[in-house]
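All ligand and atom numbering here is 1-based and tracks the order in the structure.
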Amino acid sequence: MTKKVWYTYDDIHKTVKQIATRIQEAGERYDAMIAIGGGGFIPARMLRCFLDIPIYAVTTAYYLSESSGETAETVRKIQWLDPLPEPLRGKNVLVVDEVDDSRTTLAFCLRELQSEDLGHIGVAVLHNKLKPKCDTLPAGISYYSGIEVEDWWINYPWDANDIDAHNRKAETAREEQAQQ
Ligand code: G4P
Ligand code: MG
């Protein structure tokens with residue numbers, strides 16, 4: 001069974017702050033964020049407290065495609081910056097998502113954005129799962145991950161039906177971890 005981990009909004013906030021600090025310490029300046037929905041929306045909004053730059057958004061989904069008789073999962077754009085908004089032309093953008101898992105969605109989005117008339121592109125994810133990735137990030141991109149995590153299923157607070165139960169699970173898991 002896949003192991004699970006729970007993060008609270010407070011955990012996420014602290015991770016976001018760490019990412020912002022690292023970006024600032026690296027001396028990188030971004031003009032805007034591009035959040036990859038839905039998981040990137042809340043992290044991008046939290047990051048705005050620290051970076052104070054506008055948020056743009058894209059959304060993707062997986063779909064089954066057939067080529068040469070083989071069915072494969074491919075990423076599809078649900079909503080995109082098409083055409084690229086004028087204020088973003090030549091500007092440095094920070095792409096924000098919650099998790100770097102298989103890297104399929106992230107690499108797809110970054111390749112698409114690299115083909116646009118943008119300045120420097122960076123990417124910030126809350127969590128990077130330490131696992132073999134299905135795709136590679138294009139060259140020349142700055143990469144920030146808040147926490148490197150094991151390949152466990154992450155329960156994010158925005159997916160919780162009962163936020164109190166979610167927070168209790170996070171607390172219990174933390175106590176168990178501390179006892180080990
Ligand atoms: P990646 O490029 O960022 O690695 O994403 P990948 O295509 O591998 O991920 C497929 C979907 O699975 C993504 O959702 C991603 O957020 C979600 N996912 C992967 N690992 C976890 C996890 O541990 N916990 C949770 N809650 N989600 C995970 P998506 O299709 O972009 O949907 P959305 O939920 O962001 O709208
Ligand atoms: Mg996502």
Any heavy atom of Lys133 under 4.0 Å from ligand 1? The part involved is neither

Salt bridge check, Lys3 against Asp151: does any charged N sit closer than 4.0 Å to a carboxylate O?
no

To the nearest 0.1 Å, how far is atom 20 (N) of ligand 1 from its closest protein heavy atom, and which atom is that?
Lys129 NZ, 3.0 Å

Per-atom contact, atom 23 (O) of ligand 1, protein heavy atoms, under 4.0 angstrom:
yes

Do the ring centers of Tyr7 and His166 come within less than 6.0 Å of each other?
no

Looking at every non-hydrogen atom in both residues, tell me the closest pair between Glu98 and Pro43 and how far apart they are.
CB-CG, 4.4 Å

Atom 25 (C) of ligand 1: of Phe108, Trp152, Trp153, the nearest heavy atom sits on Trp153

NZ of Lys133: more than 12 outside heavy atoms within 6.0 angstrom?
yes

How about atom 17 (C) of ligand 1: does it have a protein heavy atom within less than 4.0 Å?
no

Closest to atom 3 (O) of ligand 1 among protein heavy atoms sits Val99 O, 2.7 Å

Basic-acidic side-chain contact under 4.0 Å: Asp101, Lys129
yes

Looking at atom 26 (N) of ligand 1, what's its closest protein heavy atom, distance included?
Ile154 O, 3.2 Å

Among all protein heavy atoms, pick the one closest to atom 19 (C) of ligand 1 and tell me residue, atom and distance.
Asp101 OD2, 3.2 Å

Closest non-hydrogen atom pair between Leu94 and Tyr30, with its separation
N-CD2, 3.6 Å

Determine whether Tyr156 and His127 satisfy the following criterion, ring-ring contact (aromatic ring centres under 6.0 Å, His included), listing intermediate values before the conclusion.
CA-CA 11 Å; Tyr156 287 101; His127 304 115; 5.6 Å; yes

Considering only protein heavy atoms, which is closest to atom 5 (O) of ligand 1, and at what distance to one decimal place?
Thr105 OG1, 3.7 Å

Tell me, please: is Tyr62 in heavy-atom contact with ligand 1, that is, under 4.0 Å?
yes

Quick one: look up the protein heavy atom nearest atom 8 (O) of ligand 1 and list residue, atom name and how far away it is.
Ser102 OG, 2.4 Å

Could you check if a side-chain atom of Tyr143 sits within less than 4.5 angstrom of a side-chain atom of Val125, using non-hydrogen atoms only?
yes

Tell me the contacting part of Asp159 for ligand 1: side chain, backbone, both, or neither, using a 4.0 Å heavy-atom threshold, strictly below.
side chain

May I have all residue pairs that pass salt bridge (charged side-chain N to carboxylate O under 4.0 Å, His left out) and include part of residues 112-123, sequence neighbours excluded?
Lys77-Glu112, Arg89-Asp117

Return the closest protein heavy atom for atom 31 (O) of ligand 1 as residue, atom name and distance.
Gly37 O, 4.0 Å

Closest protein heavy atom to atom 35 (O) of ligand 1, given as residue, atom name and distance to 0.1 Å:
Gly39 N, 2.9 Å

Backbone or side chain, does any N or O of Arg103 fall under 3.5 Å from an N or O of ligand 1?
yes

Heavy-atom closest pair, residues Leu113 and Leu118
O-CD1, 3.4 Å

Hey, is NZ on Lys131 packed in by over 12 heavy atoms from elsewhere, all under 6.0 Å?
yes

Heavy atoms only: which of Ala35, Ala107, Ala61, Gly38 lies closest to atom 36 (O) of ligand 1?
Gly38

Do any nitrogen or oxygen atoms of Tyr156 come within less than 3.5 Å of a nitrogen or oxygen of ligand 1?
no

Considering only protein heavy atoms, determine whether one is less than 4.0 Å from atom 12 (O) of ligand 1.
no

For Thr104, the ligand 1 atoms with a heavy-atom partner under 4.0 Å come out as 2 (O), 7 (O)

Under 4.5 Å between any side-chain heavy atoms of Met46 and Ile19, yes or no?
no

Just which atoms of ligand 1 are under 4.0 Å from any heavy atom in Leu106?
2 (O)

